[in-house]
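Residue numbering restarts at 1 for every chain, and letters A, B, ... go by the order of the sequence lines.
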Protein chains: 2
Amino acid sequence: MPVPTIVWEDGSCKIIDQTQLPGEYKVIALETIEQVWEAIKVLQVRGAPAIGIAAAFGVYIGVKDFESDEVEALLARVDQSVDYLASSRPTAVNLFWALKRIRDLAHASRSLAAGEIIQRILEQAVAMIEEDNRICKAIGDYGAELLNDGDAILTHCNAGGLATASYGTALAPVFRAKEQGKNISVFADETRPLLQGARLTAWECKQNQIPVTLICDGMSGTVMSQGKVQAVIVGTDRTAANGDVANKIGTFNLAVMANYHSIPFYVAAPLSSVDMSLASGAQIPIEQRSPEEITNGFGLRTAPEGIDVYNPAFDVTPHQIVTAIITETGVVRPPFEEGLQEAFERAGK
Amino acid sequence: MPVPTIVWEDGSCKIIDQTQLPGEYKVIALETIEQVWEAIKVLQVRGAPAIGIAAAFGVYIGVKDFESDEVEALLARVDQSVDYLASSRPTAVNLFWALKRIRDLAHASRSLAAGEIIQRILEQAVAMIEEDNRICKAIGDYGAELLNDGDAILTHCNAGGLATASYGTALAPVFRAKEQGKNISVFADETRPLLQGARLTAWECKQNQIPVTLICDGMSGTVMSQGKVQAVIVGTDRTAANGDVANKIGTFNLAVMANYHSIPFYVAAPLSSVDMSLASGAQIPIEQRSPEEITNGFGLRTAPEGIDVYNPAFDVTPHQIVTAIITETGVVRPPFEEGLQEAFERAGK
């Protein structure tokens, strides 16, 4: 099992600074709510489940020094902290889901003393780490059933342990299949512009003795046409009720390539990333990021000045080319709207 | 019309050093055959037509100081120079086509004095620049007919003026359409790993006042799904008789994305890049390049040590998803084998 991506230790939220990988393995402590906001914004912590957990700790950090007994004032501070942290990134729904849980918990606890409410927020955030581990492991178990000994899977971006508290979503089936004695290897799209595949997925596979081959995003068709890949598994930042999947930019291209080659395209999605309030992916807000991520990505200007750059951080894969969605309560196949509803029912939600 | 990519001036072959763009515009003189080989190998000069011309000058440079009157010895030196230059890169057929023309010319001139043969080689190489300009302009004229005022085209890698003597293949229709008063804009795939789109196509469009938007290769599906692109035009390093197209890695993915979105996918192909001796793309040799192009692309290690890397320089797009091939004698539509044969006949070849 991978090293923990996010822990609560010695009174602070400690994360692996993912912007420094693979060059440097550095754990940093987030001690102010502004530091949490910034860590999410600049992708020191990233991946839908992990930023949800980081944000939950962020609320606690934002209120832990609240000294009055005024519960209403505390709740106002909670709301303010939640709204602030929600402004860090727009696409991953786990962020809002986690923040809503904390806010709801705080408001539901208004009969308690302020100090007790604050303590409950911390306990909830800590519990979310354990919950995330259970969920990722369950996704891994369901996903591993889809993989055969000797398979190679292709993944995009990083939806491994680094994207969650520790186990991963898209990589969880690989980890679990390996633990079951299956021989599974990974092709990692490098994932431009920020190279999460090269920097994080390749690093994490290597740490866990999983054979990994790095490719550029434009090579996926070639490896598929050569029969090198048996399945694609990706994560998701938000999946709509109809099964449309928002994930890291480049995922849609990969799904179309898998479809063209009749290779199954699986999405590993904790139910916290499924937004049943959105009928389709067209309603998912897509974060636009800085042009410099593309033009100055490697510490060197690699494009001329004065040109236009388009840099959406995510794309939407239409449900028609999604083979199945792997949730913690089972594998959902089309029609997704019914299947996802049933997956929530199995979770008792 | 773009600045000349390759010229013969003051007794040497001068090229724009494309590895330095867009940071620095630097013209270098190639004065030994080894320098020509190296310039082709490391992509100081690149693009199928341009490396053909550079290689032709390379043969001349390799024999120009031949001092004996022994014609057979000169021809042996020509053959040796041709074989040496042919070892620089394996995929682009123009290289072999240009070298064969020079070799054939030299051998056909064996009744002449050695000095005259050497002079003829130079004249042939110089003539290839003019010929290339005529061919690219004709491709531009045929291709421009396929474009409507207001269209945006998406291209991959650089098949602009920098890939030819000066006018370009895939970008020639854009330049010609613009000269005809049409308002055409360009989306440029950055084209990992070597970023020819970001570095060269974006630079060249900007130099020629063509609006250009840079995207990462994995964003092509998104811009297509948003209706931002009306056609794809790419170049080719070698096209087989059945219309299978070898071009820069990532082209196949782009073709599949265009096919998925019912957007026309055009290949701008001088007949010198069409290899009728190969029945299909499966027979095209694909150059494998160094892993460091992916892991250390721009002065920074961006992937962990000790992982596998797969780095094919080209891919093959199956003819079934090619809409048309734009040659200097007309636009060829399926079935390609017949159409390409007719295109050669129109050229009198």
Exercise for the section: Please determine, among Val212(B), Val223(B), Asp315(B), the option with the most heavy-atom pairs under 4.5 Å with chain A. Expected result: Val212(B)
Exercise for the section: Check each atom of Thr201(B) against the heavy atoms of chain A and say whether the ones under 4.5 Å are side chain, backbone, both or neither. Expected result: neither
Exercise for the section: Pick one of side chain, backbone, both or neither for Lys248(B), based on which atoms fall under 4.5 Å of a heavy atom in chain A. Expected result: neither
Exercise for the section: Would you mind telling me which of Thr295(A), Ile294(A), Leu214(A), Asn259(A) has the largest number of heavy-atom pairs within less than 4.5 Å of chain B? Expected result: Leu214(A)
Practice task
Looking only at non-hydrogen atoms, find the nearest pair between Asp217(B) and Asn253(A) and report the distance.
Solution key: O-ND2, 3.4 Å
Problem - Heavy-atom pair with the smallest gap, counting every atom of Tyr310(B) and Met219(A) - result: O-SD, 3.3 Å
Fill in the blank from the handout: When the 4.5 angstrom heavy-atom criterion is applied to Tyr260(A) and chain B, the contacting part is side chain
Problem - Part of Gln226(B) lying under 4.5 Å from any heavy atom of chain A - result: side chain
Handout entry: Most contacts with chain B, counted as non-hydrogen pairs under 4.5 angstrom, among Arg199(A), Met224(A), Met257(A)
Key = Met257(A)
Handout entry: Under 4.5 Å from any heavy atom of chain A - which part of Pro318(B)
Key = side chain
Practice task
Measure Ile321(A) against the heavy atoms of chain B and call it side chain, backbone, both or neither at under 4.5 Å.
Solution key: side chain
Completion exercise
For Thr222(B) and Phe252(A), the nearest pair of non-hydrogen atoms, with its separation, is N-CD2, 4.0 Å
Handout entry: Gly218(B) versus Ile249(A), closest heavy-atom pair with distance
Key = O-CG1, 4.0 Å
Handout entry: Among the listed options Leu195(B), Leu200(B), Thr302(B), the residue most often paired with chain A at heavy-atom distances under 4.5 Å
Key = Thr302(B)
Completion exercise
Answer key: most heavy-atom pairs under 4.5 Å with chain B among Ile307(A), Leu300(A), Ile286(A), Ile215(A) is Ile307(A)
Exercise for the section: Could you tell me which non-hydrogen atom of Cys216(A) sits nearest to which non-hydrogen atom of Arg192(B), and how far apart they are? Expected result: SG-CB, 3.9 Å
Handout entry: chain A contact via Pro304(B) - side chain, backbone, both or neither, heavy atoms under 4.5 Å
Key = both
Practice task
Using a cut-off of under 4.5 Å on heavy-atom pairs, state which of Glu190(B), Lys228(B), Arg301(B) scores highest against chain A.
Solution key: Glu190(B)
Problem - Top of Gly250(B), Ala303(B), Gly306(B), Ser225(B) for chain A proximity - count of heavy-atom pairs under 4.5 angstrom - result: Ala303(B)
Exercise for the section: Below 4.5 Å from any heavy atom of chain A, which atoms of Leu254(B) appear? Answer side chain, backbone, both or neither. Expected result: neither
Handout entry: Option that, when pairs with chain A are counted at under 4.5 Å, heavy atom only, ranks first among Val309(B), Thr213(B), Asn311(B)
Key = Thr213(B)
